[in-house]
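Remarks on the structure that follows.
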Amino acid sequence: MKKLFFIVSLLALSLGCLTSCNDSEKPSADYEWDFNVSDIVLHVTSQEGMNLLDAGVAGNILENDIRIEYAGEVYPLADETGRGGQPESDVPATRMLLPAWNGLSLGMTDDCGPCLKFGEFGPTKMYKNECFTLDLGTGRTWNISFDFWVDGINTDNPVVHSSLYVDGEKMDFPLAEIRLD
């Protein structure tokens, strides 16, 4: 009899463990998303397609006064050790990928070689209709605008929006081609 009571009790307990709650009883989930951060990458070429940021290219512009004006500040081209700025203070510290403000610096990409990098930017800062002016020290400037923001951050399906334009011409975010005349 004890054995039968034990088996019935065990069955009753296991049935209780196998039941599930319906959708209205499920707890609401709080999401903590971690989004990729990005620099704006500027590839500068001559009309012939030569990379003008390559020290080995005749007529390169590395000695020019290269700068960006953004949000009322001027960012001159930093030397190669100029990276490693401070994280943006209003990005939650729980994020793994904190954007680090590096200003304007020389960088390298696998596809394009030497380039200019400006940023970093994170989409949780909701960059919409942002604009900056690029001056390569050649007497001409370029107006660059971008969006980098996230929609639905508190849902299970957030969407990151990004776009990049140089003088109104659409580019593939985050890479823009600047061609000198």
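Atoms CD1 and CG, from Ile68 and Asp135 in turn, are 10.0 Å apart once rounded to the nearest 0.5 Å. Between the OG atom of Ser145 and the CG atom of Asp167 there is a distance of 9.0 Å, given to the nearest 0.5 Å. Note that OG1 of Thr141 is 8.0 Å distant from CG of Leu134, once rounded to the nearest 0.5 Å. Atom-to-atom distance recorded for Leu164:CG and Ile144:CD1 is 7.0 Å, nearest 0.5 angstrom. Rounded to the nearest 0.5 Å, atoms CE (Met171) and CD1 (Ile178) are 6.0 Å apart.
Checked against a 6.0 Å centroid threshold, the rings of Phe148 and Phe121 do not count as neighbours.
In this structure, Gln47 places its CD atom where more than 12 heavy-atom neighbours from other residues, nucleotides or ligands lie under 6.0 Å away. More than 12 heavy atoms of other shown residues, nucleotides or ligands fall within 6.0 angstrom of atom CE in Met126.
The hydrophobic clustering, which links ILVMFWY residues whose side-chain heavy atoms are closer than 4.5 Å, places Tyr165 and Phe173 apart. Linking ILVMFWY side-chain heavy atoms closer than 4.5 Å, directly or via other members, places Val159 and Phe146 in two distinct hydrophobic clusters. Cluster annotation: Tyr127 is connected to Ile40 through the hydrophobic network of ILVMFWY side chains, with a link wherever side-chain heavy atoms come within less than 4.5 Å.
Checked by atom type and distance alone, the side chain of Glu120 pairs as donor or acceptor with a backbone atom of Ala100 at under 3.5 Å. A donor-acceptor pair under 3.5 Å links the side-chain atoms of Asn51 to the main chain of Pro114, judged by distance alone.
Val41 places none of its side-chain heavy atoms less than 4.5 Å from the side chain of Leu116. Looking at Phe35 and Ile153, their side chains come closer than 4.5 Å, going by heavy atoms from C-beta outward.
Listed here is the closest heavy atom pair of Lys128 and Trp149: CE-CD2, 3.3 Å. For Cys112 against Leu175, the heavy-atom pair with the smallest separation is SG-CD2, 3.9 Å. For the pair Met108 and Lys117, the tightest heavy-atom approach, listed with the atom from each and the gap, is O-NZ, 3.8 Å. Among all heavy-atom pairs drawn from Pro158 and Val150, the shortest one is CB-CG2, 3.9 Å. In terms of heavy-atom proximity, Leu52 sits nearest to Gly59 at CD2-O, 3.7 Å. The two atoms that bring Tyr75 and Leu104 nearest to each other are O-CD2, 3.6 Å, heavy atoms only.
Considering only residues two or more places apart in sequence or on other chains, Ser46 meets the side-chain hydrogen bond (donor to acceptor under 3.5 Å, both in side chains) condition with Glu48.
Residue pairs meeting the side chain to side chain donor-acceptor pair (under 3.5 Å) criterion with at least one member in residues 57-68, sequence neighbours excluded: Asp65-Arg67.
With Leu136 as the fixed residue, the side-chain contact (heavy atoms from CB on, under 4.5 Å) test singles out one of Leu42, Leu53, Val44: Val44.
Ring pair Phe132/Tyr70 is perpendicular by interplanar angle, where above 60° counts as perpendicular and below 30° as parallel.
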